[in-house]
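In what follows, residues are counted from 1 in the order of the sequence shown.
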Amino acid sequence: MGLKIWLDDKLVDQADAKVSVFDHGLLYGDGVFEGIRVYGGKIFEHAAHLRRLYDSAKVIRLTVPMDLPAMQAAVEQTAAANQISDGYIRLIITRGVGDLGINPFVCKKASVIIIADAIQLYPEALYEKGLKVVSASTVRNHPMAIPPQVKSLNYLNNILAKIESVDAGAEEAILFNHEGYVAEAAGDNVFIVKNGILYAPPIQAGSLDGVTRRVVIELARREGIEVIEQNLTRFDLYTADEFFMTGTAAEVIGVVQIDGRVIGDGHPGPITRTLRQQFFAYARSR
Ligand code: PXG
């Protein structure tokens, strides 16, 4: 038994899906990745994920060894080979095999890995109850460092924030940028509701351009909810009527407490619930 894994140019058995210890993805976190959902056998927002992948690769001067249509076919083939109807795809491009130095250009060819598996879902009760989060002391990457829009294999900054949330007994950590504005959560984008208006930090505040975020903004506008992308501070989070996060794994999930401040009445709010339902319906209708 085991999964069929796409490795470079073909599907192989899981037992044979191995990478070199000289791969710069391992040695330096040099590479990019995507996490993609499959709903009803269809790759969700496939084009958006691949665009982000190729953009991320371009920024780090990584040549993806397949063109976009070939990558799309490889992802679909991997999902099909593993009979994934509702699941999760992890697409990874590593810099490839090099030597022990950091120069990426000694690596002859980037490696392509595609894993299609079942998704670990949060328990439904967590969506009903809502999450507890904390402000991280770890600052989001400065835009003049590795840009926060690049979904790179180097997640240590987010991992440091995640550790803070675990230490605090919370489910997620909120990262702020070097100017003190809200950027995003360690693995999700953030939204708040105040007086019926939906607010999201702009991408330039230091977040990944989330695929789920884009879909939720579109669905909110369709519902007639005003959406404003503007810088948010800790004050805005603490005094929000509603607070939720979006991401491929979590979809739409309410936040009910941050740094000991209760959001609204302590339960996921009505706009959060509506958007979660709308997202659920949208994802499964496509
Ligand atoms: N910000 C960061 C830093 C992320 O890693 C998001 C926002 C949300 O983006 P999408 O495009 O997914 O709406 C992410 C994505 C996991 C997991 O297992 C995390 C993500 C994706 C898939 C799985 O925690 N994060």
Would you find more than 12 non-hydrogen atoms of other residues, nucleotides or ligands less than 6.0 Å from [X] atom [atom1]?
X	atom1	value
Phe44	CZ	yes
Ile119	CD1	yes
Phe235	CZ	no
Arg214	CZ	no

Could you tell me if the side chain of [Y] sits less than 4.5 Å from the side chain of [X], heavy atoms only?
X	Y	value
Glu242	Pro270	yes
Thr212	Asn189	no
Leu198	Leu275	yes
Ile146	Asn154	no
Tyr39	Phe280	no
Pro201	Tyr181	no
Asp13	Lys4	yes
Lys162	Glu172	yes

Check: Asp30 side chain, Gly25 main-chain N or O, donor-acceptor pair, under 3.5 Å: no
Check: Pro104 main-chain N/O paired with Arg95 side-chain donor or acceptor under 3.5 Å: no
Minimum heavy-atom separation for [X] to [Y], with atom names?
X	Y	answer
Ile203	Leu208	CD1-O, 3.7 Å
Asn157	Val139	ND2-O, 2.9 Å
Ala168	Val134	CB-CG1, 3.8 Å
Asn177	Ala205	ND2-O, 2.9 Å
Ile174	Ala185	CD1-CB, 4.1 Å
Leu62	Ala110	CD1-CB, 3.8 Å

Would you compute the distance between atom [atom1] of [X] and atom [atom2] of [Y] and round it to the nearest 0.5 angstrom?
X	Y	atom1	atom2	value
Thr274	Ile225	OG1	CD1	6.5 Å
Leu131	Ile258	CG	CD1	11.5 Å
Ser85	Lys42	OG	NZ	10.0 Å
Ile263	Lys132	CD1	NZ	13.0 Å
Asn158	Asn141	CG	CG	7.0 Å
Phe191	Ile271	CZ	CD1	12.0 Å

Residue pair Arg276, Thr272: steps toward the side chain to side chain contact (heavy atoms under 4.5 Å, CB included) verdict: CA-CA 6 Å; Arg276 172 158 178 77; Thr272 301; 5.5 Å; no
State plainly whether one hydrophobic cluster holds both [X] and [Y], where clusters connect Ile, Leu, Val, Met, Phe, Trp and Tyr through side-chain heavy atoms under 4.5 angstrom apart.
X	Y	result
Met245	Val256	no
Ile36	Val64	yes
Val150	Tyr155	no
Val211	Phe33	no
Ile115	Leu11	no

Identified side-chain contact (heavy atoms from CB on, under 4.5 Å) counterpart of Val19 within the set Thr94, Leu26, Ile113: Ile113
Identified side-chain contact (heavy atoms from CB on, under 4.5 Å) partner of Val252 from the options Asp188, Val215, Val216: Val216
CA sep, side-chain torsions, deciding dist, call: Ile217, Glu229, side chain to side chain contact (heavy atoms under 4.5 Å, CB included): CA-CA 10 Å; Ile217 288 174; Glu229 293 179 62; 4.1 Å; yes
Partners passing salt bridge (charged side-chain N to carboxylate O under 4.0 Å, His left out) against Glu164 (at least two apart in sequence or in another chain): none
Side chain to side chain donor-acceptor pair (under 3.5 Å) contacts touching residues 110-126 (sequence neighbours left out): Asp8-Ser111
Derivation of the side chain to side chain contact (heavy atoms under 4.5 Å, CB included) call for Tyr88 and Thr248: CA-CA 9 Å; Tyr88 180 72; Thr248 292; 4.0 Å; yes
Step-by-step side chain to side chain contact (heavy atoms under 4.5 Å, CB included) determination, Thr78 to Leu91: CA-CA 10 Å; Thr78 309; Leu91 173 46; over 6 Å; no
Phe244-Phe279 aromatic ring centre distance below 6.0 Å: no
Arg52, Arg90, Lys151 screened by salt bridge (Lys or Arg N to Asp or Glu O under 4.0 Å) with Glu34, the one that passes: Arg52
Exercise: do Thr233 and Asp236 side chains pair donor with acceptor under 3.5 Å: yes
Salt bridge (Lys or Arg N to Asp or Glu O under 4.0 Å) evaluation trace for Arg213 with Glu45: CA-CA 12 Å; Arg213 177 186 184 277; Glu45 298 289 316; over 6 Å; no
Contacts of type ring pair (Phe, Tyr, Trp, His ring centres under 6.0 Å), residue Phe243, not counting sequence neighbours: none
